[in-house]
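Remarks on the structure that follows.
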Amino acid sequence: MQVAQDRRRWVRAVLAYTFGGLASAILVGAVLGTSGRIVGTPRDASILWFIAVVSLLCAAREARWLTFDVPQRHVQTEPRWAMEFGIVPGAAMWGFHIGLGVATRVSFSGFWVVVLTILVLREPLHGALLMSTYWLGRAMPVVIAPLGLAAANGHVRPERLQELYGRKDIWRRMQVSGLLWWCAVTAAVAAGYTGAILPVPSGTR
Amino acid sequence: MHPRRMASPRLVTISGGLLMGVVLVAVAAARFEPILAVLPAAAIFGWTQVGGL
């Protein structure tokens, strides 16, 4: 009975965390897309080539070939919220806080490439889609960790989590792969603006 | 623990399935906006943040 209650509470907390973050991610993505539209960020081949180059430089950073800082707040979310408001409301608040993206630590540079691209897309819906996809990727380790890292009694052994999360070489390689993909896509679209590869979206020349 | 045996096959399967789902969404979205082909990379960026903490 106790195990079932704990499991139900865990499920509610994880759902609250995920949907809390989704709400703030959608909000941030839509605001960024709208901001790009209001400011009138240019959308032509040159800005897309710029994003491709930035992606490449960020990939070099994550591969330790270049060294530069990325903008971030060196804080994490507030652990006391769970104690003050309960585990489920606290989890929702954590999710919302972290889902803002800029309110807590940004360890790798890929986040800022997402932000830059949303500003260029100038479309709130696409911005919301990109940022919510980023958030869902961020929330997934919380959701699926017990599925793969649990001991026979169903509890996740903290040392296994720490071991996995401590493998920064794995995470860096994944960031490099993502950034190279981002570079390839934006370069292909930029080349498409000259008619070389992909069709140009209507109304963007 | 040997690092290669940290993740169970079930974890790998679920992770791979989720990524495939994002790829399918990206393919559909890219028909309207080609840049949205980057969606799987956005998911990876989010995923890896937990490893940088």
Side-chain angles (χ1 to χ4, degrees), chain A residues 25 48 51 55 62 76 98 105-111 113-114 117 120-121 123 126 129-142 144-145 147-150 159-160 163-168 170-172 174-175 177-182 184-186 188-189 192 198-201, chain B:
Chain A
L48 290 175
I51 293 176
S55 304
E62 303 313 335
Q76 300 203 34
I98 298 171
R105 290 178 63 176
V106 177
S107 304
F108 299 116
S109 50
F111 170 76
V113 172
V114 177
T117 304
V120 167
L121 284 176
E123 177 57 53
H126 296 158
L129 182 59
L130 275 169
M131 200 55 80
S132 58
T133 303
Y134 171 85
W135 166 253
L136 289 174
R138 190 160 184 175
M140 277 307 104
V142 173
I144 71 172
L147 298 176
L149 300 176
E159 64 273 16
R160 293 191 71 181
E163 230 175 297
L164 184 60
Y165 293 164
R167 290 294 305 274
K168 288 200 174 187
I170 295 174
W171 307 115
R172 285 191 181 279
M174 290 174 68
Q175 274 277 314
S177 302
L179 286 162
L180 290 177
W181 175 247
W182 207 283
V185 169
T186 48
V189 176
L198 295 174
V200 178
Chain B
M1 178 190 311
H2 194 287
R4 286 185 181 272
R5 286 197 287 270
M6 276 193 301
S8 72
R10 184 167 57 162
L11 180 63
V12 173
T13 301
I14 292 171
S15 305
L18 289 172
L19 191 59
M20 278 306 302
V22 176
V23 168
L24 289 174
V25 170
V27 168
R31 292 170 60 88
F32 302 97
E33 173 52 75
I35 295 179
L36 290 179
V38 297
L39 280 173
I44 288 172
F45 293 161
W47 189 294
T48 55
Q49 282 296 333
V50 70
L53 297 175

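Every chain is numbered from 1 and lettered A, B, ... according to where its sequence line falls, protein lines coming before strand lines. All values below come from the heavy atoms of this structure, side chains included, with hydrogens, waters and symmetry mates left out.
Contacts of A:W135 with chain B are absent, with no heavy-atom separation under 4.5 Å from either backbone or side chain. With a 4.5 angstrom heavy-atom cutoff, A:L136 does not touch chain B via any of its atoms. When heavy atoms are compared at a cutoff of 4.5 Å, A:T117 approaches chain B solely by way of its side chain, counted from C-beta outward. Proximity to chain A is limited to the side chain of B:L18, based on heavy atoms less than 4.5 angstrom apart. Of the atoms belonging to B:L36, it is side-chain heavy atoms, and not backbone ones, that fall under 4.5 Å from chain A.
Comparing A:V106, A:L180, A:L130, A:V113 by heavy-atom pairs within less than 4.5 Å of chain B, the highest count is held by A:L130. Residue with the most contacts toward chain B among A:L129, A:I51, A:V120: A:L129 (heavy-atom pairs, distance under 4.5 Å).
Of all non-hydrogen atoms in B:T48 and A:M174, the two that sit nearest each other are CG2-CB, 3.5 Å. Pairing each heavy atom of A:M140 with each of B:W47, the nearest pair is CB-CZ3, 3.5 Å. Closest approach of B:F45 to A:F111, counting heavy atoms only: CD1-N, 4.5 Å. For the pair B:A41 and A:G178, the tightest heavy-atom approach, listed with the atom from each and the gap, is CB-O, 3.5 Å.
Contact of the B:I44 side chain with the A:Q175 side chain is not registered, since no non-hydrogen atoms from C-beta on lie closer than 4.5 Å.
Of the possible polar contacts, none joining the A:W182 side chain to the B:A42 backbone as a donor-acceptor pair under 3.5 Å is found.
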